[in-house]
Amino acid sequence: MSTSTDAAPNAEMNAPKSTKPGFLERMKERFADPNPILVKELQTLFRLKLFIRFLYLSTAGLAFVILMMGASTASGMNPAKAGQVLFQVFFSLIAGIVALVAPAAASTALTTERETETYESLILTGMDPAKIVTGKFLANFVAFTVALVAFFPLVGVGFLFGGITPTDVLFAFLGILLSLAIAVSFGLSVSARVRSTRVSLLLSITTSAPISMMIWGMITAIGEAVDHDWELVTEGPFWFAEALSQRFFELDTFTFAFVFPILLTILLVWFFLASAIAGVRHSSEDRNTPFKIWSLFAVPVGWAILGALTGVLRPRDWDEALPIFSFCFGFFMLFLALLFANEPPLPPRTYEEKVEDGGFWVRFRSRFGPGAAPTARFATLLLIAAAAGGMAIQMVVATFIDPAALRHETVLGNAMVMAGNCAVSIWALYFASYLRVTARSAVLSRVIVIGSLFLLSLVPIFLLATMDPTAFRDADDHLPWAMRFVPFAHIMTGFEASDDRDLTRLIEGIPALAFYGGLAFLLFAMLERRCAAIATNVRQYRASRNAAADAAYAARNAQREAAKRAREEAQAAMMAASATPASAASPDPAPNPGSSEEPSTES
Amino acid sequence: MIKVQGISHNFGKLAVLQDVWFDVPKGEVFGFIGPNGAGKTTTLRMIATLLEPQQGRILVGGYDVVDHPRQVRQILGFMPDGFGVYKNVTVHEYLSFFASAYGIDRSARERTVRAVMELTDLITLTDRMVSDMSKGMTQRLAIARTLLHDPEVMILDEPANGLDPRARIEMRDLIEQLRGLGKTIMLSSHILTELSDMVTSVAILEKGRVLATGDVNEIQQKLRPERAVKIRLLEYPEGGESAFLAVPQVRNLERGPDGALRILYQGGDEAVAEIVRAAVDARLSVIRVEPERNDLEHIFLEVTRGEVQ
């Protein structure tokens, strides 16, 4: 064992820090000193025999399938078609591997650390949770990219037959990389929220498999829808590769097959990573702000999609399509509302301290910062802005394309839909937030809100169907009274006003607007009051807890000191008493050692 | 350095900790002893900011673990029960990784890692894979990791659990060294002999309650004012015991089965010196003086009144 005490590392640790480096210097430093999690994970992974076995076994399996497919298609098809089929099969198999294996592998990233007790050591280093999650994400992404590159030569079989181009392969590979990023980030977000590896594996596989199948099904269906207009020959989910390689510089293809997939991938990956970071972050820290920043990016992306969809439609379809797009946008708004209904009543303690020490701008931001009531305020403004912006972008695009074709009934009908979206989503936000604060369960509050939405939608229909079936017959002309309070009444009336060019239909949507808007306002007041009461109670509790602890601590110390003094005095008295009688040696020792009776040895 | 003030914690309906109070003074080696399931690990995890107490308050270096976890983590090194090490990396890679995770500057990282490896005697194992290391070595590696950021407080949960005698002795030496560096060390164990030679103060925990806490000698004096010393003489002359009984601090005396005299006395080491002086004055041939060891075991049995199995 070394005895050199000068080995303590404080000298280096406590070295004074230089002034803040510039952006370029920081970038240079970042590349020179990469994320330690990434480095460690890759070191571990490439030493793992399981990974090497996975590489060669999956490559061999994939090669076998591709060669068998090649052999079977070569005989009955023209070579170009066979090449395209092989291309689709190859990338579909890879997509399958990515959809199933990548989330499963990523979902164990943090749970295995928890189970082997390395997670605690890692957290206690004080490393930024964002750095931990980014490191894990990059490590998993790189590992799967290595596997994809190992599979890549197999696509060469398709080139033997023809019918595909290198740019097709390049764009298909890009599509796979985007889906890989989503799959890995999704797995990580599961891993951050679950304690057991078994549960996280089960959860990620059972969730990702059906969602992936649904998404690939949707992509195939979109391909079927556009293949005539875009003159595509390829059939299958990787039609976009051919579309991009043939029509990359066409505005519609570039926007819908290139820009939007990338934007949506960024949105999803960002969201899942923010969710994972929130799961790793200490409860006393701000977990909510990353989602707010994300939403400030997500809402404009939503607007862009709305604008682009308006732009690609023929003006004569606007009457029907614009209210329907706005209705779909309403689901996104509802998602945002429920996302921000997960806050505890008070902001985290570290944030409160920052606000107390901060200036005007920090205090102002705290009005929309973490905590149930400030977050609900932020979300309210966001939802109103989302609706107004979504509406505005549709109108701007339509006016730009064909101002004459945009009728005022469509504008007002669409406005009714967006206003209804706002009222319902803000009601859902405050209802869920209030339940979260009172019932202290984020899941329960959301389940209750979604259940209430279903009940409010279905019960009036059910009642009408049983009590007055004839009411539905005239629904095209006027909405039955019972239906005027359902959460989608504004959509029906807005759509009818736009499509039938009948502004009087808008009146039928007003009860729903007033109902949900009024409830939202009531719940807003209740939430603000409740949060203020909780804040007062907690402040009082903290103050009294600290005072009580200090008082009890002082009392205990005084008591201990007194007991110690009494013991010392008693001992001194005993010593004095035992020193006086000649302990001159009775050979017979005291029968009861430790008792206060002294042995009577004097006589 | 550590103040635990009235903490209580329940897991469901099970009360794991009930109104736990104790202090760990700066620079002490503090033993946290108690049987399995007493609540030691729960308390240590709370001190390490990994679990929030449901009631009460814990201060580490003046920082509340609930309100200022980040500041607490900066001055604290925690080694969990299972050591928590990555298997598929070398010793150097492992420590470099944690040095980087602690935010140690790249230019100082290598020097820091080497310094810590020297201190923990791992320098010869630089390129050894962690998976190939013995339990004793792994434990040293875990301690090395907690030292990287030069913490003032070290919390070691069952550090000697499962170690062979040699590794235990090495660990004891390492803890002595760390104490010499001015660290405050809190370590838990349910094996009392592991701690008896190391700790300067203790807290005894049973069924979630602290039964005794403070300096080992103080607790012993409080519980049982008498201590014992065994004296072996070359020969035992008739009436030789009277020389010992004449010493004011001596309370009792008996002959053990091995023939040695077991003398019960009150007071500290000066009483032992008096006893030896009395023997020499009486021209008794003293060949061995053995103050009774394993005080901690006696204290523990005394405090728990034999309830603990």
Side-chain angles (χ1 to χ4, degrees), chain A residues 1-5 7-10 12-15 29 32-33 36-37 39-40 43-44 47-48 116-127 282-284 349-350 353 545-546 548-549 552-553 556 560 563-564 567 571 574-575 578-579 582-587 589-590 593-594 599 601, chain B residues 3 5-6 21 48 50 52 56-57 66-67 69-70 73-74 78 80 82 84-86 88-89 93 97-98 100-106 108 111-112 115-116 118-119 121 145 148-150 170 173-174 177 180-181 218 221-222 224-226 239 241-242 245-246 248-249 251-254 264 266:
Chain A
M1 180 78 56
S2 165
T3 53
S4 60
T5 51
N10 1 8
E12 288 85 340
M13 291 282 300
N14 300 333
E29 178 64 19
D33 189 20
I37 300 270
V39 175
K40 191 265 300 170
Q43 274 169 346
T44 311
R47 283 181 188 139
L48 206 63
T116 53
E117 291 189 344
T118 50
Y119 181 76
E120 292 169 350
S121 311
L122 191 59
I123 290 296
L124 288 177
T125 59
M127 196 182 197
H282 193 269
S283 58
S284 70
R349 288 173 291 273
T350 46
E353 277 177 18
R545 182 199 68 163
N546 290 348
Y553 184 68
R556 284 175 74 92
R560 280 176 67 183
K564 193 177 167 185
R567 205 166 53 242
Q571 265 187 12
M574 272 175 71
M575 296 278 280
S578 62
S583 31
S586 161
T601 52
Chain B
K3 287 183 163 68
Q5 300 177 336
W21 291 78
L50 295 168
E52 286 187 13
R57 185 171 67 160
V66 175
D67 292 340
R70 190 169 286 182
R73 287 171 184 184
Q74 280 170 0
F78 176 64
V85 290
Y86 297 110
N88 241 347
V89 288
E93 285 167 355
F97 164 70
F98 272 101
S100 177
Y102 276 118
I104 297 172
D105 193 56
R106 197 159 56 96
R111 269 177 292 157
T112 308
V116 165
E118 271 175 28
L119 182 68
D121 220 10
R145 186 245 304 147
L148 283 165
H149 64 304
D150 194 24
E170 284 175 355
D173 291 347
L174 178 59
Q177 261 188 298
L181 289 171
E218 260 183 35
Q221 279 202 337
K222 187 173 153 188
R224 207 170 53 165
E226 283 115 7
E241 292 94 339
S242 58
L245 290 167
Q249 289 96 327
R251 290 279 156 267
N252 198 3
L253 177 149
E254 61 189 9
L264 286 172
Q266 276 193 338

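In the text below, chain A, chain B and the rest are named by the order of the sequence lines, each starting its count at 1. Computed over heavy atoms, backbone and side chain alike; hydrogens, waters and symmetry mates excluded.
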Region of B/Q74 that comes under 4.5 Å of a non-hydrogen atom in chain A
neither

Answer with side chain, backbone, both or neither: which region of B/V85 has an atom nearer than 4.5 Å to a non-hydrogen atom of chain A?
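For B/V85, the contact with chain A is made by the backbone alone.
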
Flag the one option from B/K3, B/Q5, B/R57 with the top tally of heavy-atom pairs under 4.5 Å to chain A.
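So the answer, after comparing B/K3, B/Q5, B/R57, is B/R57.
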
Got a second to check how far A/L124's CG is from B/L50's CG, nearest 0.5 Å?
4.5 Å

Residue list, side chain to side chain contact (heavy atoms under 4.5 Å, CB included) with B/R106, at least two apart or on another chain
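Side chain to side chain contact (heavy atoms under 4.5 Å, CB included) check on B/R106 returns A/E29, A/A32, A/D33, B/R109.
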
With sequence neighbours excluded, residues passing side chain to side chain contact (heavy atoms under 4.5 Å, CB included) with A/T118:
A/E113, A/T116, B/Y86

Let's go through A/E120 and A/I123 carefully: what are the C-alpha distance in whole Å and the side-chain angles of both, what is the deciding distance for side-chain contact (heavy atoms from CB on, under 4.5 Å) to 0.1 Å, and is it a yes or a no?
CA-CA 5 Å; A/E120 292 169 350; A/I123 290 296; 5.7 Å; no

